[in-house]
Structures are given as structure tokens and as C-alpha cells.
Amino acid sequence: MTLSLGAKKAIDVALFLFLMLMGAVSVFVTFAIVWVLVVDTVRFFTHPEGGGFPISLIRFFTETQWTPTFYNKQIGIWPLVNGTFLIAFISMLVAVPLGILVAVYLSEYASWKVRETVKPWLDFLEAVPTVVYGYFALLFVTPILQKVLEPFGIPVEGMNALSPGIVIGVMILPYTASMIEDAFKGVPQYLREASYSLGASKLRTALLVVLPAAKSGVLSAYLLGFSRAIGETMVVAVAAGMYPQITANPLEPIQTITGYIVQVALGDLPFNSFEYLSIFAAGFMLFIITLILNSIAVYLKSKAVGY
Amino acid sequence: MQTRGEVETRLKEFDIEKYTTSVRRRDAIFEIVGLIATFLVMLFLFVISVDLLIDGWVRIKDGSFYTSYPSRFPEEAGILSSWVGTVYVMAGAIFWAVVLGIPAGIYLEEYGGKGKIARIIEANISNLAAVPSIVYGLLALGVFVYRFKFGESILTAGLTLGLLMLPVVVVSTRESIRRIPRSIREAAYALGATRWETLFHHILPYSLGGIFTGLIIAASRAIGETAPLITIGALTFIAFLPPAPWEDFWGMLLSPFTVLPIQMYNWVSRPQEAFHTNAAAAGFILLVIALLMNSIAFYLRYKVRRKYQW
């Protein structure tokens with residue numbers, strides 16, 4: 001194929017512009033997300049059914065009930081935030097200890113062969129559809145919890161926060177563990193060797209040398225896992241119930257921000273209705289929470305000491 | 001402060017043999033605990049698969065499950081409309097991920113350098129990767145469904161999942177391009193090739209395997225995504241198929257749809273146990289699809305590693 005030099009140069013420029021345009025699409029997507037959330041949240045707060053601005057905004061942060069879909073509308077966001085964080089905390093109780101165990105084992109102890117066999121399975125765990133985890137939480141974990149706890153006189157409801165919390169904990173585990181492992185990998189070998197040469201055991205080296213050196217990476221991994229647990233939707237939609245309330249009891253039904261969005265989206269709502277707009281206000285809250293967590297995680301990672 | 005004598009007696013009492021065995025034992029115990037923890041995580045996967053297989057076996061082996069529409073009667077309900085929907089939606093999602101993601105990755109790696117625009121785009125993509133998937137659903141609901149008037153259609157769903165796949169595709173494109181050594185580019189330039197010739201004759205062919213691997217992994221995650229599609233208002237009860245694309249392409253794009261995970265969610269959330277059997281069967285099928293896609297990706301990665309060693 002012979003083209004003139006001019007034609008070749010023109011193709012070069014055109015290709016460059018095309019590639020840059022496609023690269024910029026991601027920026028448009030971010031702007032679109034922020035724009036949609038902001039515009040529809042503003043429409044929610046100026047909607048007459050919520051009392052209009054600024055009354056609705058005050059009600060949003062001061063009321064203790066969340067019932068925008070009822071006749072008697074209460075729009076306090078805290079029950080949903082409470083449910084969201086309750087689930088996320090339970091999941092971290094599972095993911096924090098197990099995550100560090102798995103990561104230390106894989107990065108400091110396991111042979112190359114074990115690591116190469118385990119890693120694809122961890123990758124695969126990340127691809128298990130979340131609705132499958134939801135099924136598992138509702139129809140496998142909850143019955144087991146009921147069987148174990150009810151002989152002790154502790155009533156466990158069919159919908160509760162504990163079972164999806166545990167399942168989400170295991171769900172985010174591969175993701176957290178592999179990020180912690182990456183942080184460990186960033187610790188230079190000579191630190192380990194210095195520790196060994198002083199007579200320290202593997203365990204001592206792992207916990208007192210490698211872990212402190214990778215501290216900010218580990219923290220950032222946990223924060224990203226936490227943020228993922230907060231944004232998790234299907235497990236809670238299936239197994240946590242639809243009852244927004246302020247409670248610390250993990251054995252009662254609750255509702256998370258994501259669960260509420262699913263509940264409303266399953267119904268058929270007109271574009272301008274108060275109920276429809278309420279999912280954008282709730283989604284905006286979710287977006288802000290995860291954005292803050294992710295930003296702290298990114299900041300921590302950037303602070304990681306370069307050796 | 002201890003006196004010299006005290007230290008000396010303590011040194012004499014110190015049994016080095018005992019100390020090293022106890023340290024070794026602690027080390028061994030930790031190794032076993034770590035192994036058990038890792039094993040537990042894999043066991044979890046195994047338990048889920050077996051649980052779904054046992055619960056859903058009656059429907060999994062039933063051929064009519066794959067060829068009938070959803071129904072009020074659990075024994076007659078099937079996944080025909082949902083697996084067809086999944087195929088259409090995923091075709092759309094992969095199309096958008098390829099069209100938007102691969103050029104973006106090439107731009108960032110080959111042209112972006114350390115420029116300001118490239119840095120902004122890069123930070124943006126890593127932010128997007130951490131946005132909860134349901135927020136993409138709200139974006140699609142607000143923009144594609146109501147403002148662009150695409151409706152609750154296959155087109156909207158494909159676009160939504162395509163955007164969701166974007167960060168993974170961009171990152172894997174960049175990584176596989178980065179693996180190609182500079183010398184290849186310089187050799188091409190030295191022979192008088194322009195940038196696009198270098199790109200199409202060398203860089204893309206060598207990195208295609210890695211790009212495909214990332215694409216398949218991204219698709220295997222998108223295929224199980226439920227939340228964003230419920231948010232855009234996908235229906236849960238569909239008793240017809242979209243028109244075939246070769247007959248009415250536009251009609252197919254704007255047709256209402258349902259997908260496998262949504263069908264499964266619908267069945268799980270019903271109280272009757274017979275529907276839970278259907279849900280388990282659908283879940284097992286989803287799990288097998290995800291496993292197959294991951295294995296293909298794993299095999300491709302292995303092949304690519306073998307083929308190009310610089």
C-alpha cells in the first residue's frame with residue numbers, strides 16, 4: 001500500500017484526534033454522573049411534597065424516619081445510612097482479619113506453586129454475580145444462623161443484617177486480600193533479609209517489618225473494601241429486608257441506601273414524582289460517601305513510602 | 001536497671017533450644033492458620049456452587065427450562081427471554097467497551113505521555129472504577145432513559161454495562177501495550193513508519209491477546225450485574241423475544257428486555273419455594289458462564305505470556 005506522505009500525515013492527525021476524543025469519554029461520563037445526581041437531587045429538595053427548599057433539606061438531616069413512598073412522607077436519611085454502615089461494619093469484621101491472614105500467607109509463606117493455583121480462584125470469586133451471593137445469604141446463611149442462634153433464645157428474623165453482612169465480607173475478601181498482597185509486594189526484599197539476618201522468624205518479619213512498612217497500602221485496601229461493601233446492592237436487596245430503621249441490632253431487618261433504590265426502581269414511577277426523585281437524593285448520598293472513602297484510600301496509597 | 005549479675009544469671013537460664021523450637025512452632029502454626037483461611041475462601045466458592053447445583057438440579061437437567069418463558073407456575077417457568085436478553089445486552093456492552101475503551105487505553109499509553117490531559121483522564125478512570133455500579137444505573141436512568149428517551153431498552157442496558165466495563169478495559173489495554181518494548185517502536189520509526197502504521201502493524205497485533213483477556217474479564221463481571229439494570233427499569237416479566245437484529249435492528253435496540261440475573265432476583269424474592277428452585281438453577285448457569293469466561297481469559301493470558309517474550 002503506497003500513500004502519499006501528506007495522506008499519511010493526515011491519517012496520523014485524524015487518528016490522534018479520534019483516540020483523544022475516546023479517551024475524553026470517561027471524563028464526560030464522570031461529569032454526567034455528577035450532573036444527573038446534582039440536578040435531580042436539587043429537584044428533590046425543591047419538590048413541594050417535601051416542603052420545598054430549605055425545609056426539605058432540614059427534614060432530610062433531622063427526621064428519623066425514611067418513608068418517601070408512603071402517604072405520610074418522612075424524609076430523614078439516617079435510617080438508610082444506619083443500615084448501610086451496619087452491613088458494611090459487619091462485613092469488615094469478616095474481611096479485616098481474614099484479609100490480612102490470606103494476604104500474609106500468600107505473599108510471605110506460600111510457595112510459588114500454591115500462589116499460582118490460588119490466585120485464579122480468587123479472581124474467579126470476584127466474578128461471581130452478586131445476586132448469587134444474595135441467594136446464598138438468604139437461603140443458606142440465614143437458615144444456619146437461625147439454627148445456631150435460636151436454641152440460645154436469640155430470635156433471628158428471616159431478613160436480617162448479619163447474614164448479608166457476613167456474605168459481603170467474604171465477597172470483598174479476594175479484592176482486599178489481593179490489594180494487601182500488592183502492598184506487601186512493594187516492600188523491598190532487603191528489609192526482609194535484614195530482619196532474617198538478625199535472627200527473626202518469618203512470622204516476626206511479616207508482622208513487625210513487612211506489615212508496618214506496607215501500612216498505608218493495607219489501610220487503603222481496607223478502605224476500598226469498605227467502600228465496596230457500602231455500594232453493594234443485590235446481596236442486601238435480597239437478604240436484608242425493606243425496613244429502614246435506626247438500630248444496632250444485626251438480627252433485625254433493615255434497609256440500605258442501595259436496597260431502597262432497588263425497591264423504588266422495581267416499581268413504575270413517573271419522571272417527576274417525589275418517589276422517583278428520592279432515589280437520586282439517596283444515590284447522591286451514597287456517591288458522596290464512597291467518593292470520600294475512595295479519595296482517602298487514593299491519598300493513603302500515594303503517601304505509601306517509596307523505598 | 002538490672003545489675004550485671006542478674007543479666008548473667010538470666011543468660012545462663014536462657015535455653016536457646018527451647019526458644020528456637022517455640023519460635024519455629026509459632027511460625028508453623030501461623031502457616032497452617034493462613035493455609036486454612038485461604039482454603040476457607042475457596043471452600044466458600046465450592047459450597048455456593050454445590051448448594052446451587054443441589055437446589056436447582058431438577059430444573060437444570062430439564063430441557064424445557066431453557067426454552068420457555070417465565071410463568072406464574074414455577075414448574076412451567078423458564079429462562080428463554082432472559083438468556084436471549086443477556087446475549088443481546090452483552091453484545092451491546094462489549095461493543096461499547098471496545099469502541100470507547102480500547103482507543104482510550106491506546107491514547108493514554110501511546111499519545112498521552114505525562115501531559116496534563118492524560119493525567120486528568122487517568123485520575124478520572126481510576127475514580128470511575130470505584131463508583132458503585134448502582135450509581136451507573138442512576139446515571140443511565142437520568143440520562144439515557146428520561147433525557148435521551150431511549151426508554152428501558154436493550155440499547156440503554158448495553159450502554160450502561162459498556163460504561164461499567166470501561167475502566168477495566170482501559171487499564172488492561174494500557175498494561176498490555178506497556179509490555180511491548182520501546183525497541184519495537186523505534187525499529188518501526190527507523191524504517192520510516194508513521195505512528196498509525198506502527199500502531200496497526202506492530203503494537204496492536206502484539207497486545208491483542210492481553211486486550212482480549214481484559215475484555216473477557218470485564219464482560220464476565222458485567223454479565224452478572226443486576227443492580228444498574230434494575231435501576232434503569234428492566235422488566236422482570238417478559239414473555240416475548242426482541243425482534244431479530246437482521247429483520248428490525250432498531251426495533252431490537254429499543255425492545256424491552258430482561259436478563260438472567262434479574263430473572264434470578266425476581267425468583268429469589270418470591271415467597272414460594274418452587275421459585276427458589278428456579279432461582280438456584282438460573283444462578284448455577286450464571287456461575288458456569290462466569291467460570292467459563294474466566295478460564296478462557298486465564299488460558300489466553302498464559303498463551304500470550306508464552307508467545308511474546310521480549
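Just so we're clear, the structure is a prediction, and the values are computed from it rather than from any experiment. Lettering of chains follows the sequences in order, A, B, ..., and the numbering in each one begins at 1.
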Below 4.5 Å, heavy-atom pairs only: which of [options] has the largest tally toward chain A?
options: L100(B), V23(B), L291(B), I36(B); value: L291(B)
options: Y146(B), F298(B), F30(B); value: Y146(B)
options: D55(B), L45(B), V145(B), T20(B); value: L45(B)
options: I232(B), V99(B), I121(B), I120(B); value: I121(B)
options: V41(B), V33(B), I125(B), I117(B); value: V41(B)
options: H276(B), R24(B), E152(B); value: H276(B)

Quick one: does F284(A)'s side chain get under 4.5 Å of L138(B)'s, heavy atoms only? no

What salt bridge (charged side-chain N to carboxylate O under 4.0 Å, His left out) pairs are there with at least one residue in residues 123-140 of chain A, not counting sequence neighbours? E126(A)-R228(A), E126(A)-R221(B)

To check you understand the geometry: which heavy-atom pair defines the closest contact between [X] and [Y], and what is its length?
X: L203(A); Y: R26(B); result: CD2-O, 4.1 Å
X: P132(B); Y: G231(A); result: CB-CA, 3.8 Å
X: A130(B); Y: S227(A); result: O-OG, 4.4 Å
X: A290(B); Y: A127(A); result: CB-O, 3.8 Å

Can you tell which part of [X] gets under 4.5 Å to a heavy atom of chain B, answering side chain, backbone, both or neither?
X: Y133(A); answer: side chain
X: I33(A); answer: both
X: V39(A); answer: side chain
X: A110(A); answer: neither

Rounding to 0.5 Å, atoms CD (E225(B)) and OG1 (T130(A)) come to a distance of 6.0 Å

Between L163(B) and chain A, with a heavy-atom cut-off of 4.5 Å, which part of the residue counts as in contact: side chain, backbone, both or neither? side chain

Quick one: what part of I223(B) sits under 4.5 Å from any heavy atom of chain A, side chain, backbone, both or neither? neither

For a side chain to side chain donor-acceptor pair (under 3.5 Å) check, start with the C-alpha distance between N124(B) and T30(A), then their side-chain angles and the critical distance, and finish with the verdict. CA-CA 7 Å; N124(B) 217 302; T30(A) 312; 2.2 Å; yes

Can you tell me if E273(B) has over 12 outside heavy atoms packed within less than 6.0 Å of its CD? no

Give a yes or no on this: more than 12 heavy atoms of other residues, nucleotides or ligands lie within 6.0 Å of atom OH of Y196(A). yes

Most contact-rich option vs chain B, by heavy-atom pairs under 4.5 angstrom, among W35(A), F136(A), F140(A), W121(A), is F136(A)

